[in-house]
Colleague: 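My questions all concern the structure below.
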There are 2 protein chains.
Amino acid sequence: MKDSLNKKGLKATPQRMEIIKYLNSTKSHPSAEEVYVYIKDKFPTVSFATVYNTLQTLKNTGDLKELSIDPDRKRFDRDLTPHNHFFCKICKKIYDIPNINEKVNIDALNDHLVEDYSIYYTGICKDCKKMNKEE
Amino acid sequence: MKDSLNKKGLKATPQRMEIIKYLNSTKSHPSAEEVYVYIKDKFPTVSFATVYNTLQTLKNTGDLKELSIDPDRKRFDRDLTPHNHFFCKICKKIYDIPNINEKVNIDALNDHLVEDYSIYYTGICKDCKKMNKEE
DNA sequence: ATAATTGCAAAAGCTTTGCACGGAA
DNA sequence: TTCCGTGCAAAGCTTTTGCAATTAT
C-alpha cells in the first residue's frame, strides 16, 4: 500500500494509511463523517480537513468513487468494479446491487462522453420494512 | 392548476403558481437557486424559504422529483415519466436519456421495496467536449 | 374565521480553504 | 532539505427552521 501511494507521488502518512485501510474494510459506503469518527478513534488528533483532503486525493487518483445517491451527503465507495446501488430512505444505508450487464441506451448518449454509469434504486430496505410492520 | 392544488388541500398562491409554471416549462432540471432567481424576477419580494417550502411540498405530494445526481446541490424534475439522466461534470447540465425498458436485477432486490430507480450517467457532455477540443 | 403560506432572519449541516507547523521522501 | 500533508480555525454554500404578519379558502 505504501509503495502504491509513493508511486503516485503521494506520501504514505499513518493517517492516510488508516483511512485507506478503513475504506478497504467497510461495505457501508461511508460518508466523510463516518470515516472521521472511525479514524478519530485511532488518531485522536486527526481533523476533518485531513479526512476530506484524503478522500479528495483518492478520488482524483481514481482509487475511490464518490456516490451522490444520498441526497444529504457525499458517500464513498472503494469498490471500483461495475455495480449498482440501492439507497434506503429510512436508514440511509446503501446496498450493493450486482449488475447484470444492463442494456444501455447507447443511441441517446452517442454525443456525450460517458465516463461512468450505474442504476440508482431508492426505497425502503428489507430491515426497515420489517420494523415498520412490527410497530 | 388552481383546482388541482386545492384538491390536495394546498393554497394556490401566486408565488406557488409561478413556481409550478416555471417547473413545467423548463427542461433544465433546476436547482432551488435557479428557481429562486427566476421567480425573484416576477415576485421581487419572494424568499428562499418560499421556494424551498414549495419544492418540499410538491415533492411530498408526488408532483416533483428530487434528483441526487448533482453532487453539489439538489436538482428537481417535473417529468414523472420513467427516464434516465446524464450529468455533465463540467457544465453541470442534466440531460434526459430515454429509457429502453432496461432489464432490472429483480432477484438482488427482492427483499427491498423499490419505489423508484433510474440510470445515472456521468461524464462530459457533447457541448463541453467540443469546447475542450477547440481550446 | 381559520388555517396555510409568506418573508425575514437566524441557524444548522456539510464541505472547503488558508496557513503555520510537522513529517515523509 | 524539500515539499507534501496535517490540524486548527474560519469561512462558504446549500438547506432548514422559528415566528410574526399576511392571504387564500
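Naming: A, B, ... by sequence-line order, numbering from 1 per chain.
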Colleague: Listing time: all N or O pairs from protein to nucleotides 19-25 of chain C that are below 3.5 Å?
Modeller:
| from | atom 1 | to | atom 2 | distance (Å) |
| --- | --- | --- | --- | --- |
| C:dG23 | N2 | A:Lys11 | NZ | 2.6 |
| C:dA24 | N3 | A:Lys11 | NZ | 3.3 |
| C:dA25 | OP1 | A:Asn6 | OD1 | 2.9 |
| C:dA25 | OP1 | A:Asn6 | ND2 | 3.4 |
| C:dA25 | OP1 | A:Ala12 | N | 3.3 |

Colleague: Mind checking if A:Asp72 touches a base, just sugar-phosphate, or nothing, with heavy atoms under 4.0 Å?
Modeller: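 Answer is sugar-phosphate: A:Asp72 comes under 4.0 Å of backbone atoms only.
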
Colleague: Which atom names give the shortest non-hydrogen contact between B:Ile69 and B:Pro71, and what distance separates them?
Modeller: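 In this case the closest contact between B:Ile69 and B:Pro71 is O-CD, 3.4 Å.
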
Colleague: Any idea how B:Tyr120 and A:Tyr120 line up, ring-wise: parallel (<30°), tilted (30 to 60°), or perpendicular (>60°)?
Modeller: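 Tilted: the ring planes of B:Tyr120 and A:Tyr120 meet at 30° to 60°.
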
Colleague: Could you tell me if the side chain of A:Lys11 sits less than 4.5 Å from the side chain of A:Leu5, heavy atoms only?
Modeller: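 A:Leu5 does not reach A:Lys11 side chain to side chain.
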
Colleague: Strictly below 4.0 Å: does A:Arg73 bring a side-chain N or O up to OP1 or OP2 of C:dT15?
Modeller: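 Checking C:dT15 against A:Arg73, no side-chain N or O comes under 4.0 Å of OP1 or OP2.
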
Colleague: Quick one: on DNA chain D, does A:Asn53 or B:Asn53 contact a more 5' nucleotide (nearest heavy atom)?
Modeller: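 Its nearest nucleotide being more 5', the pick is A:Asn53.
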
Colleague: Is the backbone of A:His29 close enough, under 3.5 Å, to the side chain of A:Arg75 for a donor and an acceptor to pair up by distance?
Modeller: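 Yes, the answer is positive, given that a donor and an acceptor are paired below the 3.5 Å cut-off.
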
Colleague: Closest approach of B:Tyr121 and A:Val114, non-hydrogen atoms and distance?
Modeller: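 Answer, listing the atom of B:Tyr121 first, then A:Val114: CD2-CG1, 4.1 Å.
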
Colleague: Would you indicate, yes or no, if C:dT17 has its OP1 or OP2 atom less than 4.0 angstrom from a side-chain nitrogen or oxygen of A:Gln56?
Modeller: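 So the side-chain polar atoms of A:Gln56 never come under 4.0 Å of the phosphate oxygens OP1 or OP2 of C:dT17.
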
Colleague: Which is the 5'-most and which the 3'-most nucleotide of DNA chain D that has an atom under 4.0 Å from a heavy atom of chain B?
Modeller: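 So the outermost contacting nucleotides come out as D:dT14 to D:dT25.
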
Colleague: Taking NZ, NE, NH1 and NH2 as the nitrogens, is one of them in A:Asp72 or B:Lys74 under 4.0 Å from a carboxylate oxygen of the other?
Modeller: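 A salt bridge links A:Asp72 with B:Lys74.
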
Colleague: Can B:Leu23 and B:Leu58 be said to form a side-chain contact (heavy atoms from CB on, under 4.5 Å), step by step?
Modeller: CA-CA 11 Å; B:Leu23 291 171; B:Leu58 294 174; 3.8 Å; yes

Colleague: Among residues 42-52 of chain B, which contact DNA chain C at a heavy-atom distance under 4.0 Å?
Modeller: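 Those residues whose heavy atoms fall under 4.0 Å from DNA chain C, taken from residues 42-52 of chain B in numerical order, are B:Thr45, B:Val46, B:Ser47, B:Ala49, B:Thr50.
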
Colleague: For a quick test of reading the model, state the closest non-hydrogen atom pair linking B:Ile119 to B:Asn84 and the distance between them.
Modeller: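 Taking every non-hydrogen atom into account, N-OD1, 2.8 Å.
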
Colleague: Could you tell me which non-hydrogen atom of A:Gly62 sits nearest to which non-hydrogen atom of A:Leu80, and how far apart they are?
Modeller: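 For A:Gly62 versus A:Leu80, the nearest heavy atoms are O-CD1, 3.5 Å.
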
Colleague: Nearest heavy-atom pair of A:Val46 and A:Lys40: which atoms, and what distance?
Modeller: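 Reported closest heavy-atom pair: O-NZ, 3.5 Å.
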
Colleague: Search all heavy atoms of B:Thr81 against all heavy atoms of B:Asp79 and return the closest pair with its distance.
Modeller: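 Nearest heavy atoms, B:Thr81 then B:Asp79: OG1-OD1, 2.6 Å.
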
Colleague: Given atom CD of B:Glu18 and atom P of C:dT5, what is their separation to the nearest angstrom?
Modeller: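 Atom CD in B:Glu18 sits about 18 Å away from atom P in C:dT5.
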
Colleague: What is the separation between atom CG on B:Leu58 and atom C1' on C:dT5, rounded to the nearest whole Å?
Modeller: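 Between C1' of C:dT5 and CG of B:Leu58: 13 Å.
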
